[in-house]
Amino acid sequence: MSTVRVQAGYLPGLSSDEVQWQVLPFVQGDQRVEVSVPVLSPAQMGALAERVRRASVQHLKTLSVSEIISILDRAMARLLDRDDPYRMQADRLLPIVSGYDADMVRLGLTGFFKTFRAPQLHRFVVEDFANPKVLDAFQPAPKGGAVRAYGPQLLVHSWAGNVPALALWSFVCGLLVKAGNIGKLPSAEPLFAGWFARLLAEVHPPLANCFAVVWWRGAGDEGSDALYAQADTVLAYGGNDSLQAIQRRLPVTTRFLAHGHKLGFGVVSAATLDTLRAPAVARRAAWDVMRYDQQGCYSPQVFYVQRGGPVSPREFAGYLAGELANLQRRYPRRALDLAESTSLAKWRQSIDWQVTAPASESGLAGDHSVAGLIGDYAAAWSVAYTDDAQPLAPSALQRSILVAAIDDLSDAVSAVASRREFLQTAGIAATPEQLYHLAEQLGAVGVTRISAIGSMSMPEAGWHHDGRFNLLDLVRMTEIEQSAELAAEPFSSYET
Amino acid sequence: MNYAEPPDADILEFIAQDGCTDEQFDQLALRLFAYQYHANAPFRGFCQRRGATVRNVKSWRDIPAVPIDAFKAMELRCELPVSTERVFMTSGTTRADMRGRHFHPRLDVYDLSMTRNFAQRFMQGTERLSMGILFPDEIAMPNSSLAHYLALAKSAFGSDDSRYFMSPEGIDLEGLWLRLEQAERRGEPYALLGASYSFVHVIDALRQSDRSFRLPPGSRILDTGGYKGQSRELPLDAFYKALTDLLGVPRELCINMYGMTELSTQFYDNGNASVPSVKSGPHWIRSRLVDPATGRTVPDGERGILAHCDLGNFNSVSTILTEDVGEPAEGGFLLLGRAEGAQAKGCSLAVEEFLQSATS
């Protein structure tokens, strides 16, 4: 077995022999990666926070947004270059650490990095700020007076590791609002954020002290408390339990932005289900299921498929199963551990018993029912079909998907309406009229993002994560009211 | 082959004999499978969807293992219900209305399986012992397989002065202390049997009142079932150390029984001098470690989910898939706890957490 040892994190001002390290081992086949993650003392954490805060006042807050975008663009160009050492490292190690298929990771990273190039970042900023210059200086306000946006002095991130390089979203948001950034690495993917920090420092050395990437175990320790105590804003990803654990550690005056667990779903109109186009919709749906084995918050867990088209919902489920079988050959699913295997088995069983239970009462074996699991039980993907659309519930992930038949598109709305707190992405395949009609209804019950099926797992640049303003939520506005402006006038030298 | 009649008589005979060959085990396992396949329609559907039929199932390893959830979802039985049947139910740790049910039209197979095995693994040659039971009796808990098991232990192996130390208010600690003192005085070996969490309460009570006993040589303890949220969680090593320190029973004679409502046969270890201890069963039950997603046996030496083929399960299904993680060990397996559902790693949502949030 070949073992690669990597030191993770990014700790400006601290040499590696000053801090304690913990090794997180990752094994895929005959390859082993040992990632050392830093464990800082409360004093070290406090000093680090102070350093980052100071440096960002000096070197980051003095840059214009356009300058920051140009620095990020240069970093992205490096990451998009397959011969760049940073990119090569990511392509080599992230598949081992995450377990995802290497080609899937490579494709995913390229698609992801493309959304952080200069034109996309400018769009990202303009989504939240009609006049991006408010991030640089006071700008005239329509109501009179002037206004300026200030990012946090210290923005602390608690990142999730379900998808490789996911930290990039919030890290970039933090930089665009000129915050000093300290992020906590997720134990599931403890590499990318540290690399990105190093790369930025290489691309623009004055930024070297404006951010740091740290780690702590579980919900946190004394070190994390020392950091949280200094943060003015905390951005966290994860389950409600871990979010709550973080929130409990924060002073009430700290702004807490939480992104909890979500359930994605798709809706397929009968209008798209003719024999020519239905297979293409199913193929795109399969990509959304395949990408990162459904570990994204935007990944679909159920497709609601309308009856009445030339291709029935059951046939659509069959196409979807065929496409997932194809994708398994090109981008095989990651190996599951016992806990994941158990979850998957339980989900499949629950469908199995739903099929069997009513049939046993009528004395039939249940084999004539169309509902149930499609395909081989040992396959690395699962498609289940049901005639009866139940309220939206999670699948077992790992490429397990439920296809539920509906009569009317609004049946999908009823099925998801009770899950408001879990709603985010809906993929829709429908006519333009149906799209807008359905979007109205879905938006009203809590959906925040509607995409094409096939793009569910690839949010576009500048999307509003969970329906919030990625940048606007981070800043504080300072206004010069008209009264102040007017009151100042008489004191000018040229008025006297 | 006669599929209509359960092979009860053969099973009873099989349990009564001393050991068996692989062929003998397979032969009876396949006969029982053929019977259950024909008599139990949901089970037949389950097998058919996995491509398993009477024709291609050639060894006990080929019999599809039915997940224990199935005992909740449906009535898994071959014989029609009768008024005299006993129904054992799982404790239902999450939802009370979702309890697994195991139907026993007769208890002769269960009882023979229990007594044959118990005599060897717990009594170890002693015919009768004075027993104290730290669990409710069968009248209080008619649907508990453990209550029946312990009642059977008491009636078949307990001497006349054996008794329960459970009241509706909990363990009768004063009565228990008196009895333990008496055993110490008389120098007669004493046996304490009960749920693991009952022993945690005993340990806590002894520590609180700063008491301890030195039970006479030959005394022993049987605990089973884990803590189930009924007491604080105690690591295995601390648990058995406390039992030895506070009751004077050597860890070699602190025996843990691993049983399930869905089975008719139990597993035991040979004491808990070191933990986790190796568990093993009698010749009429066999176990394999599987990948639950595929149902296939895991490669040699790897961890897997335990699947048991219990010939004592004549009326339900012989082969069940547990939710317990096992590791192969010399002479049996190590029990490494329950396979908790996978935790979602980021902002996607895993089923278990969703259920928790939906019920909380």
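Just so we're clear, the structure is a prediction, and the values are computed from it rather than from any experiment. Below, read A as the first sequence line, B as the second, and so on, with proteins coming before strands; counting in each chain starts at 1.
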Next item on the list: Determine, for A:Lys262 against A:Glu421, whether the closest basic-nitrogen to carboxylate-oxygen distance falls under 4.0 angstrom.
Entry: no

Check: Out of B:Gly304, B:Gly295, B:Gly51, which one racks up the most heavy-atom pairs below 4.5 Å with chain A?
Finding: B:Gly304

Notebook entry, point to check: Within 45 degrees of the axis of the six-membered ring of A:Trp463 and under 6.0 Å from its centre: does A:Arg449 put its NZ or CZ there?
Noted result: yes

Notebook entry, point to check: Of all of B:Glu75, B:Arg296, B:Arg50, which one pairs up most often with chain A through heavy atoms under 4.5 Å apart?
Noted result: B:Arg50

Next item on the list: Check whether B:Val66 gets within reach of chain A through its side chain, its backbone, both or neither, counting any heavy atom under 4.5 Å.
Entry: side chain

Check: Take atom CG in B:Asp300; do more than 12 heavy atoms of anything else shown fall under 6.0 Å from it?
Finding: no

Next item on the list: With rounding to the nearest 0.5 Å, note down the distance linking CD in A:Glu340 to CZ in A:Arg334.
Entry: 4.5 Å

